[in-house]
Amino acid sequence: MRGFLASSTGVTCAAALALPLAPPAAAATSSTPPATSPTARSEAHAPGGTQSLRLAPLARDRAPGTAEQGLRRQDVRQFSLVGVVWDSPATELHGRVEVRTRATATGTWSGWQELETHNADHAADPGTPESASGRVRGATAPLWVGESEGVEVRVRASDAPGTARSGPAAAPLPTGLRLELVDPGEAAPPPTNRARSEAEPSVLPARTALPARTARPARAARQRAEPHAGARPAITTRRGWGADEKLREKGFVYTKKVKTAFVHHSATGNNYRCSQAPSVIRSIYRYHVNSTGWRDLGYNFLVDKCGNIYEGRAGGVSKPVLGAHTLGFNANSMGIAVLGTYSSKKPSSAALKAIARLTAWKVGLYGMNPRGKTYLKSGGGNLYRKGRKVRLNVISGHRDGFATNCPGKQLYAKLGTARSKAAAYQGR
């Protein structure tokens with residue numbers, strides 16, 4: 001997927017808060033993201049970790065703002081996901097970012113793989129505490145490459161999308177370019193406290209309705225009165241995919257309701273096995289928090305190509321947790337990311353079924369028809385000005401709220417199928 005300028009037709013896809021946020025335990029409190037050494041960062045977040053390597057000019061012209069930067073081939077500690085970040089989230093990276101990696105198992109180098117360049121489409125809404133924390137960076141989409149121990153990267157500037165060139169006349173690159181190499185580590189061990197373990201299962205089994213003792217009175221009454229609430233599907237919890245809860249900010253932030261589900265693709269590539277999905281999610285989680293500076297994983301839910309559903313941002317799967325997934329429309333919505341890149345590859349029928357089951361249940365809790373329309377107020381973006389009420393599908397693609405290619409042409413084309421299936425699961 002190729003990105004577009006916000007002033008023209010869009011930007012690429014890859015990731016609104018109303019309450020003050022405390023800085024995360026693992027993040028610095030200065031206004032500029034720290035240049036943490038790879039060793040220190042890895043030790044702070046063991047198991048797993050992030051190596052952050054500063055890029056250097058590759059061309060002969062080594063003046064500031066040179067149009068080509070990167071790293072020559074080098075050995076590094078093991079990692080499985082890569083991304084590039086830079087100082088200011090307000091600065092666009094106009095150009096091409098490519099990486100080569102050496103597989104740990106075989107010692108062979110991959111071909112050049114392109115990273116999606118974006119920094120504005122998956123994010124908290126403008127002016128919110130999460131976006132204004134001073135810790136947020138500009139970033140490409142992350143790319144899953146599997147277990148690797150060697151890397152090479154090149155970033156080439158361009159004057160416009162699709163016109164990359166490496167000469168000094170090209171537009172300058174953002175300042176502070178760094179390569180982020182993420183090791184997802186192993187899943188965290190289960191809690192030793194038995195009561196805590198029972199309260200936080202690895203998988204929430206499918207259920208027709210929330211038990212009355214865990215639902216708020218108003219919600220329980222709404223569920224009894226509303227016949228069109230789909231059954232809750234099985235959901236792998238954060239404990240189930242091995243989230244390190246020390247990484248994210250403490251506490252939770254909620255919106256009022258869930259009126260719209262925005263469907264995304266993670267743009268991390270399709271070269272993963274479903275058994276690796278928890279590792280992919282742990283890597284995205286680290287990238288969102290440690291590398292881009294968000295308070296937690298940006299998406300509310302994730303779905304793999306085998307149709308497994310995973311809890312995303314912490315706060316409770318049945319609650320209206322405020323995410324950072326669709327800039328301008330995070331309030332009163334939820335974000336669902338299908339793991340993979342679906343610009344040219346079609347999504348699996350299992351993934352579409354999972355989207356339908358998840359949305360039938362979650363938007364059904366708030367009386368929404370998956371085949372219907374609703375209105376959301378824009379928090380600001382490149383399609384709609386701040387404060388404008390926008391009519392959207394209850395199940396929308398990311399591109400419906402922001403000028404982006406997300407969730408990819410092939411996945412976006414299947415959203416009508418997901419709407420129909422979700423409505424059927426609600427008994428409509």
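All residue numbers refer to positions in the sequence shown, counting from 1.
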N/O donor-acceptor pair under 3.5 Å between N300 side chain and I336 backbone: no
Exam field: side chain R282 to backbone P184, donor-acceptor pair closer than 3.5 Å: yes
Heavy-atom pair with the smallest gap, counting every atom of Q51 and Q78: NE2-O, 3.9 Å
Lys/Arg N to Asp/Glu carboxylate O, E245 vs R238, below 4.0 Å: yes
Under 3.5 Å donor-acceptor, T101 side chain and V151 backbone: no
Backbone of T106 reached by a side-chain donor or acceptor of T108 within 3.5 Å: no
Within 6.0 angstrom of R73 CZ, more than 12 heavy atoms from elsewhere: yes
Nearest atoms (heavy-atom pairs only) where A351 meets S348: N-OG, 3.0 Å
Non-hydrogen side-chain atoms of F329 and F402 separated by less than 4.5 Å: no
R313 and E130 ion-paired at < 4.0 Å: yes
Any side-chain heavy-atom pair of L177 and R54 under 4.5 Å: no
Y272 side chain vs L339 backbone, donor-acceptor pair below 3.5 Å: yes
Whether W86 side chain and T91 backbone form a donor-acceptor pair below 3.5 Å: yes
Pairing of D183 and R286 as salt bridge, 4.0 angstrom limit: no
Cation-pi, W112 ring and R154 (6.0 angstrom, 45 degrees): yes
Full working for salt bridge (charged side-chain N to carboxylate O under 4.0 Å, His left out) between D75 and R102: CA-CA 9 Å; D75 297 333; R102 189 179 71 235; 2.9 Å; yes
Side chain to side chain donor-acceptor pair (under 3.5 Å) assessment of E180 paired with T50: CA-CA 6 Å; E180 302 287 288; T50 303; 5.4 Å; no
Full working for side chain to side chain contact (heavy atoms under 4.5 Å, CB included) between S202 and R239: CA-CA 5 Å; S202 296; R239 181 190 168 208; 4.1 Å; yes
Nearest non-hydrogen partners of P126 and G379, listed with the distance: CD-O, 3.5 Å
Lys/Arg-Asp/Glu bridge criterion (N-O < 4.0 Å) met for E98, R96: yes
Atom NZ of K305: over 12 foreign heavy atoms under 6.0 Å: yes
Donor-acceptor contact present, side-chain T255 to main-chain A331, <3.5 Å: no
Parallel, tilted or perpendicular: rings of Y285 and W241 (30°, 60°): perpendicular
Residues L53, L71; criterion side chain to side chain contact (heavy atoms under 4.5 Å, CB included); working and verdict: CA-CA 9 Å; L53 309 177; L71 290 174; 3.9 Å; yes
Y299/H288 under ring-ring contact (aromatic ring centres under 6.0 Å, His included): CA gap, chis, key distance, verdict: CA-CA 10 Å; Y299 307 112; H288 282 185; 5.7 Å; yes
Distance-minimising heavy-atom pair for S133 and G293: OG-O, 4.3 Å
Within 6.0 Å of CG in N270, more than 12 heavy atoms from elsewhere: yes
Least distance between heavy atoms, A277 atom then Y310 atom: CB-OH, 3.4 Å
Note, L173 side chain near H94 side chain (heavy atom, < 4.5 Å): no
H264 and T326: side chain donor to acceptor below 3.5 Å: yes
Atom NZ of K259: over 12 foreign heavy atoms under 6.0 Å: yes
Over all atoms of both residues, closest heavy-atom pair of F262 and L376: CE1-CD1, 4.0 Å
R156 side chain vs G95 backbone, donor-acceptor pair below 3.5 Å: no
